[in-house]
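What follows is a single structure, written as structure tokens, with notes after it.
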Amino acid sequence: MKESSLAYAKINISLDIISKMDNGYHNLKTIMQTVCLFDEVTIECSPGEGVKVKTGLPYIPNDARNIAGKAAVAFFDASNIKGYKTEISINKKIPVCAGLGGGSTDGACVIRLLDKMFNTEHDSSSLERIASSVGSDVPFSLYGGTKLVEGRGEKISKIPPLPHCYFVICKPPFSCSTPELFGLVKCEKIRARPDTEGIIKSLEKNDINGVARRMYNVFEDILPRGRQEIAEIKSTLLDNGAQGSVMTGSGPSVLGLFTDKTKAESAFEQLKDTYKDCFLTETIDS
């Protein structure tokens, strides 16, 4: 059996950290959006045992330590399916450690593909439980679109979709450690927070400028390094006509929101010669 699909990246329109939970995780409140930047995932199952992941990138684990491999193991365990050797091939186009959910969307894609291949009877709640056991952003990545995501990623609420627009996404040449950043979070000392409710009200009015004005990510104030470069990328995006700009996830990728494709193209052209990981993309629905 063999199946393939695309695994789409996510961005954070806003990201707030509400509190630290008793289990050590942080209680988040974030608005996520799927964009048309993707990995290509292929799964082949045959009689045997074991899970292997191939990405062509030597620094990415090739077994169940990889989120895609972990997702396969979790799916088989939850479905009581045994006796299959599983090979997962991923053509990586989403940059790694970029705040774009590349690993999470690969894991979600594996769950969707295996559910189709084995024609299981999992309902959406069951699939979400499997996804939640794999990683925080994986439940959102099962469906994508525009969603309000809370808790550690397991609470997903439908909100009005973001009107079609363009994004220039630029990753500076360094990575941010998510565990390190969360270790620096002091919820009671967060000075500025996104207006999440204001963003949702703007979405209800189809007011994309209202959304853009309110985009914010609390991690931007916690970054231990790279603030100046991120600020410079944001300035370039805004100077070229972006309605708003924000860092996505735990960084370091920065996005600019554009309603004018020509202006987005201009910003992309200005940044792509300096930054290898620079993308011009657009919204995509669930």
Side-chain angles (χ1 to χ4, degrees), residues 5-15 30-40 91-96 98-102 105 109 140-141 143-148 158-173 194-196 198-217 220 229-249 251-286:
S5 185
L6 303 181
Y8 291 97
K10 64 85 184 170
I11 57 173
N12 297 83
I13 298 297
S14 67
L15 195 159
T30 177
I31 294 176
M32 293 187 181
Q33 172 66 48
T34 312
V35 293
C36 197
L37 169 64
F38 53 81
D39 292 341
E40 298 169 336
N91 180 12
K92 291 293 296 178
K93 297 184 178 180
I94 304 171
V96 177
L100 296 169
T105 193
C109 188
F140 166 79
S141 297
Y143 308 113
T146 311
K147 300 288 191 302
L148 172 66
K158 290 183 179 180
I159 55 177
L162 182 68
H164 180 264
C165 58
Y166 303 93
F167 291 97
V168 175
I169 302 173
C170 184
K171 177 185 180 293
D195 180 8
T196 308
I199 292 175
I200 294 172
K201 288 179 181 178
S202 295
L203 290 171
E204 290 171 349
K205 298 175 184 177
N206 207 37
D207 177 11
I208 195 164
N209 287 320
V211 172
R213 287 197 305 270
R214 293 172 171 84
M215 295 194 305
Y216 187 68
N217 182 340
E220 290 187 39
E229 190 161 11
I230 285 172
E232 290 171 358
I233 295 171
K234 291 176 74 172
S235 292
T236 300
L237 291 165
L238 294 168
D239 289 346
N240 279 274
Q243 272 93 334
S245 182
V246 69
M247 188 177 81
T248 180
S253 296
V254 180
L255 63 90
L257 185 157
F258 295 81
T259 53
D260 186 317
K261 188 176 182 181
T262 300
K263 291 180 179 179
E265 289 171 340
S266 175
F268 172 69
E269 289 297 326
Q270 189 166 337
L271 287 165
K272 72 180 180 65
D273 291 336
T274 304
Y275 296 99
K276 176 177 70 72
D277 291 320
C278 189
F279 308 92
L280 172 59
T281 184
E282 59 191 300
T283 52
I284 188 169
D285 295 332
S286 300

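For this chain, numbers begin at 1 and follow the sequence in order. All values derive from a computational prediction rather than experimental measurement.
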When rounded to the nearest 0.5 angstrom, what is the spacing between CG in L37 and CD1 in I284?
10.5 Å
Locate the shortest heavy-atom distance separating G249 from K10; write the atom from each residue and the value.
CA-NZ, 3.8 Å
With R214, which of I200, T196, I31, D195 fulfils side-chain contact (heavy atoms from CB on, under 4.5 Å)?
D195
Gap separating the CG atom of L162 from the CG atom of L203, nearest 0.5 angstrom
6.0 Å
Would you check if the side chain of T236 reaches a backbone N or O of E232 as a donor-acceptor pair within less than 3.5 Å?
yes
Within-4.5 Å side-chain heavy-atom neighbours: M215 and P194
no
Can you check whether T34 reaches F140 side chain to side chain, under 4.5 Å on heavy atoms?
yes
Over all atoms of both residues, closest heavy-atom pair of S253 and I169:
CB-CG2, 4.2 Å
Quick one: salt bridge (Lys or Arg N to Asp or Glu O under 4.0 Å) pairs with a partner in residues 270-286, sequence neighbours left out?
E269-K272
Is the backbone N or O of K93 less than 3.5 Å from a side-chain atom of D39, with the two atoms forming a donor-acceptor pair by type?
yes
Taking all atoms of both residues into account, what is the closest heavy-atom pair of P172 and I230, and its distance?
CG-CG1, 4.3 Å
Taking all atoms of both residues into account, what is the closest heavy-atom pair of A7 and C109, and its distance?
CB-CB, 3.8 Å
Would you say the side chain of N12 lies within less than 4.5 Å of the side chain of V246, judging by non-hydrogen atoms?
no
Donor-acceptor check, side chain of T248 to backbone of G99, threshold 3.5 angstrom: yes or no?
yes
Answer yes or no: is there a side-chain heavy-atom contact under 4.5 Å between T259 and Q243?
yes
Heavy atoms, side chains only, cut-off 4.5 Å: are N240 and K263 in contact?
no
Per side-chain contact (heavy atoms from CB on, under 4.5 Å), Q33 is matched among L255, L257, I11 by I11
If every non-hydrogen atom of A267 is compared with every non-hydrogen atom of V168, which pair is closest and at what distance?
CB-CG2, 4.3 Å
From Y275 OH over to I233 CD1, what is the distance, rounded to the nearest 0.5 angstrom?
4.0 Å
Any side-chain heavy-atom pair of P173 and E229 under 4.5 Å:
yes
Minimum heavy-atom separation for S14 and I199, please, with both atom names.
CB-CD1, 3.7 Å
Going by ring pair (Phe, Tyr, Trp, His ring centres under 6.0 Å), name the residues that satisfy it together with F38, two or more places apart in sequence or in a different chain.
Y8
Spacing of L100 atom CG and F279 atom CZ [to the nearest 0.5 Å]:
7.5 Å
SG-CG distance between C165 and N209, expressed to the nearest 0.5 angstrom:
10.5 Å
Can you tell if the side chain of T283 reaches within under 4.5 Å of the side chain of T146, non-hydrogen atoms only?
no
Under the rule for ring pair (Phe, Tyr, Trp, His ring centres under 6.0 Å), what residues qualify as partners of Y166, not counting sequence neighbours?
H164
Taking the side chain as every heavy atom from C-beta outward, state whether L6 and E40 have any pair of such atoms under 4.5 Å apart.
yes
Looking at K92, I want to see if its NZ is surrounded by more than 12 non-hydrogen atoms of other residues, nucleotides or ligands under 6.0 Å.
yes
